Amino acid sequence: MVKYDHGAVEAKWRKVWEERGTDRLDLDKAPKPFYNLMMFPYPSAEGLHVGNVFAFVGSDIQGRFHRLLGYDVFEPMGFDAFGMHSENFALKTGRHPAAMVPQNIRNFRENQLKKVGLMLDWSRELDTTSPEYYHWTQWMFVTLYKNGFAYRKKAPVNWCPGCQTVLAAEQVIDGECERCSAVVVKKDLEQWYFRTTAFAQELLDCLDHIDWSERTKTAQRNWIGRSQGAEVTFKIDGGPDFKIFTTRPDTLFGVTYMVFSPEHPLLDLIAAPECRRALAEYRESAARLSEVDRQAEGREKTGVFTGAYALNPVNQEKIPVWAADYVLMGYGTGAIMAVPGHDQRDFDFAAEFNLPVRQVVAPGGKVFDRLDEAYSGEGLLVNSAGFNGLPAREEGGAAIVRRLAEQGLAEPRVNYRLRDWCVSRQRYWGPPIPIIYCEKCGAVPVPEKDLPVLLPYLDDYRPDGSGFSPLRRDESFYRAVCPECGGPATRETDVSDNFLCSAWYFYRYPSTDFSDRPFDPARTKKWLPVDLYVGGHENAVLHLLYSRWLCKALRRCGCLDFDEPYKKFVAHGMIVRDGAKMSKSRGNVLNPDEYIQEFGADAFRMYLMFMGAYLEGGDFREGGVKAMKSFLDRLWTAVLPDESGAEALADGEPEDAETRYWLHSTIKNVTHDLERFSYNTAVARLMELINHLTRHRVRNRVVSEAVVRLLAPLAPHVAEEMWEILGHRETVFAGGWPVHDEEAARRSTVEYVIQVNGKVRARLELAVGLDESEIEPRVMDNPAVAKWLEGKSIVKKIYVPDKLLNLVVR
RNA sequence: GCCCGGAUGGUGGAAUUGGUAGACACAAGGGACUUAAAAUCCCUCAACCGCAAGGUUGUGCCGGUUCAAGUCCGGCUCCGGGUACCA
């Protein structure tokens, strides 16, 4: 039976909250600030996805819970509306992003987000595409540039020949364009970069002191990819010196050839005349190869001999130098020493070209007759002259490096996989990079007083394959005056990567009322760093790493006085439907609006949280939301005075111990569950309590008021309604979080498990706090136990107070 | 290949430090109410043997530690995610 009309109740409270300003906060008063941040969405035309709702509700529960705990919770929302997602969708549907985005935002805000019942402070909404916002995105760029954190260089970028445009790395899926599936190739273009590598070590070190899940930290550590080794100087026989990076200096005596990346500039200098032609052909074909082909799984190694020889610094051995595309120009020095005996890639290459393999690490001193694959394990050095017998990786490597270092030929070295952040995008829908090029003065940042550089409205904003942004076609935008000398100049026409917009948005929320600065120092001091950040694991690397980096850079620029932007980050899980990932192609994407309409936001929120563990994700099943509405109806009946007035609520603490136990243990458990994001069990606890109340027809005001407040973070609308019916004028969120009585939360009796040889043979209901001597006689008397002891002798007794007694017999 | 997760009834999922496996639900079956249906309420519900009492097995597989293992250790299998000639 439907007990309350969710449509009417939810509409009523949406209106009341809005009118009373329940969720608006005076940021300067707020004595106990708690900044509760959720990852802002990009406002797609399809509308809010159920995954977004799942993420937001889990975060909102924390916000509401903390508010009940007495914190002044700031919970803002905004829209990440620049970038490829919006632009691609606009291109596909033939609409202009400048017209589409505001519509989508309105739809998100008015028709969807406001109906979910999130306690968002809409007075501080932000939109990254508004000039008031991207003014400061551009200011970030200028500030970084002035402090040496931004630079420009020519480098290969991902080029999609199908769409005739440059793609972001994240748009390249397995080497193909995510839009047209054309094979992406490399193209050299002038790009702007941020020096993310400047803080590689710091980004790594700070992970040790922030409250993030190990999983997310590990993803970041892997991305940064620190490897420790040595830089060793080799010499071309009759030619120049060159450097290589290795993590295995202990295997230097096992080097049987060298490999240069095909792009390595030194190749021109060292190649023997008779090899030049073949080398040139190889380099050309390597350059033509797409990323997919070059990285294809199980691809045979290719390469060509340069005709040059190098001298191994440890023994002056003369070894051939090859060029091969399995060595990358972008990592280390672009050249390697090849140790086929102990590196599988080198082994494969050596096998292909009949190069010698030499063992220099022997496990337990054992020298192999022949190697079928590279040996990469531990062992003692062999075939290594004066270093034989040393444990390879530790002492061996260190000793060899020390010897070479004395001659200035090696030094310990750390390398990172992390690259500088390429922020240029040859696209339209983004904040123009605020730089002016003057023939006389070079690259000049746009003066702060001239910011923002407005994105002009272009009717035709399609990329044209020229390698330049469509903005280049707008002469009035492109032509500029040099801010330094007043001479003729041109504007940078690339826009910045969308990840820059989202790297700093949380600094803006508390300061949206300041138009003369990106963030106000006093507000920032009070509200940042963010207390709790909830978001998807798919952002574990890019967004979180970029924003961590920006925080460190801004600190060096004197704009911030802290090192990490988020005190705590929690990654929620992913929802699937009937065990399968939701996708448009499967046709199993579900629309949150329909469920909210039919069963209410409260029931929908509760079911999403009940489905599975919030941090793991869950499986959405048809019928679940409906069942949750039935539960809310049962709860309504159980805690409110009935309409006839026949069964009033008793006042005071409930008298029977059983009800007191259920009340206090539920408060205790729900509190603990919310603290650890275990929402599914929190809902289950509430169900147990309601089951008890219903079965025993308990009607008590103290219990009801506790239940309503425990429910409030999960189902805020109906909780407000019930709170009002219970006679309160103020919002339930001013009602305070219920506190449990530890004594009452414990039962007076407990079920003891009696085991014989580890098998459960009896269960006894006994008073808590008994010691072994008190329970033992009762156990021995028990026929179910006695039968297993017959003819045996007890050799050991294990007693766990209030839990179990295990008798070991023989 | 490497790194990180995960595997528990018909299903989604519970299980603080090793101490009652399957909480809470969904589905299913049975019953009550009803002319009937819906709604609601009550009961059953891991498998096997047994009339029952009770017993045996059981948390992906194999082995180990322990009085006691879903939980700890070693070796696998499968699934999901990330990443990749990173030297």
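Keep in mind it's a predicted model, so treat the numbers as computed, not measured. Chain A is the first sequence line, chain B the second, and so forth, proteins listed ahead of strands; every chain is numbered from 1.
Counting non-hydrogen atoms under 4.0 angstrom, A:Ala335 reaches nothing in the nucleic acid. Looking at heavy-atom distances under 4.0 Å, A:Gln344 makes no contact with the nucleic acid at all. Contacts of A:Asn415 with the nucleic acid, taken as non-hydrogen atoms under 4.0 Å apart, are absent. In this structure, A:Arg226 reaches neither bases nor backbone, as no heavy-atom distance under 4.0 Å exists between it and the strands shown. Residue contacts shown for A:Asn222 are limited to sugar-phosphate atoms, with no base heavy atom under 4.0 Å away. Here A:Ala219 lies out of heavy-atom contact (under 4.0 Å) with every strand. The residue A:Val800 sits close to a base: some heavy atom pair falls under 4.0 Å. Residue-level contact check: A:Phe610 touches the bases, meaning some heavy atom is under 4.0 Å from a base atom. Residue-level contact check: A:Glu214 touches neither bases nor backbone, having no heavy atom under 4.0 Å from any strand. Counting any heavy atom pair closer than 4.0 Å across all strands shown, A:Arg215 reaches sugar-phosphate atoms only and no base atom. Across all strands, A:His537 comes closer than 4.0 Å to no nucleic acid atom at all (heavy-atom distances). Residue contacts shown for A:Arg419 include a base, since a base heavy atom lies under 4.0 Å away.
For the pair A:Pro356/A:Tyr257, no side-chain contact is recorded, criterion being any heavy-atom separation below 4.5 Å from C-beta on. Within the 4.5 Å cutoff, the side chain of A:Leu764 has no heavy atoms near those of the A:Ile775 side chain.
OP1 or OP2 of B:U57 sits under 4.0 Å from a side-chain N or O of A:Lys759. Phosphate proximity of B:U20 to A:Arg761: absent, as no side-chain N or O sits under 4.0 Å from OP1 or OP2. For B:A39, the OP1/OP2 oxygens have no side-chain nitrogen or oxygen of A:Ser630 closer than 4.0 Å. At least one side-chain nitrogen or oxygen of A:Lys796 sits closer than 4.0 Å to the OP1 or OP2 atom of B:C67. When the side-chain nitrogen and oxygen atoms of A:Thr681 are compared with OP1 and OP2 of B:A15, none of them lie within a distance under 4.0 Å. For the OP1/OP2 pair of B:A25 and a distance below 4.0 Å, the side-chain nitrogens and oxygens of A:Asn691 include at least one atom meeting the criterion. For the pair A:Asn680 and B:A14, the criterion of a side-chain N or O lying under 4.0 Å from OP1 or OP2 is met. A sub-4.0 Å separation between OP1 or OP2 of B:G54 and a side-chain N or O of A:Trp788 is absent.
With both pairing distances under 3.5 Å, B:G58 is matched to nothing as a Watson-Crick or G-U wobble pair. With both pairing distances under 3.5 Å, B:G50 is matched to nothing as a Watson-Crick or G-U wobble pair. Pair check for B:A36 finds none; no Watson-Crick or G-U wobble contact set falls under 3.5 Å. Pair check for B:U65 finds none; no Watson-Crick or G-U wobble contact set falls under 3.5 Å. Across the strands present, B:G80 finds its partner in B:C4; the criterion is a Watson-Crick or G-U wobble pair with both atom distances under 3.5 angstrom. Under the Watson-Crick or G-U wobble criterion, with both distances below 3.5 Å, B:U44 is paired with B:A28.
Distance from the side chain of A:Arg763 is smallest to B:U20 among B:G19, B:A87, B:U20. When distances are taken from the side chain of A:Tyr331 to each of B:A39, B:U20, B:A87, the shortest belongs to B:A87. Closest approach to the A:Lys626 side chain among B:A23, B:A39, B:U83 is made by B:A39 (side chain taken as heavy atoms from C-beta onward). For A:Arg676, the side-chain atoms get nearest to B:A15 when compared with the rest of B:G19, B:A15, B:A14. Residue A:Asn806 places its side chain closer to B:C67 than to any other of B:U20, B:C24, B:C67. Of the candidates B:A87, B:C41, B:C24, B:A87 carries the atom nearest the A:Asp343 side chain, counting heavy atoms from C-beta on. Set against B:C26, B:U83, B:A87, the side chain of A:Ala627 has B:C26 as its closest nucleotide. When distances are taken from the side chain of A:Glu751 to each of B:U83, B:U20, B:C3, the shortest belongs to B:U20.
If you take CD of A:Gln755 and P of B:A68, they are 10 Å apart, rounded to a whole angstrom. In this structure, A:Tyr614 atom OH and B:C24 atom P are separated by 26 Å, rounded to whole Å. Distance, A:Leu804 CG to B:A21 P: 10 Å, rounded to whole Å. Here the P atom of nucleotide B:G13 and the CZ atom of A:Arg577 are 16 Å apart, to the nearest Å.
With both ends at atom P, the span from B:G70 to B:G18 equals 13 Å, rounded to whole Å. Rounded to whole Å, the P atom of B:G75 lies 14 Å from the corresponding atom of B:C4. Nucleotides B:A52 and B:U44, compared at atom P, are 16 Å apart to the nearest Å.
Stacking of A:Arg548 on the aromatic ring of A:Trp212 is recorded, both the 6.0 Å distance cut-off and the 45° axial limit being met. With a 6.0 Å cutoff to the six-membered ring centre and a 45° limit on the axis angle, A:Lys626 does not count as a cation-pi contact of A:Phe631.
Under 3.5 Å, the side chains of A:Tyr326 and A:Asp346 contain a donor-acceptor pair of N or O atoms. A side-chain donor-acceptor contact under 3.5 Å links A:Asp420 and A:Thr197.
Between A:Arg685 and A:Asp673 there is a salt bridge, with a side-chain nitrogen of the basic residue lying less than 4.0 Å from a carboxylate oxygen of the acidic one. With respect to the salt-bridge test (charged N to carboxylate O, under 4.0 angstrom), the residues A:Arg577 and A:Glu622 qualify.
A:Thr306 and A:Ala323 make their closest contact through CG2-N, 4.0 Å (heavy atoms, listed as atom of the first residue, atom of the second, distance).
Comparing A:Asp346 and A:Asp619 against RNA chain B, the residue whose closest nucleotide sits nearer the 5' end is A:Asp619. Positionally, the nearest nucleotide of RNA chain B for A:Arg621 lies more toward the 5' end than for the other of A:Lys301 and A:Arg621.
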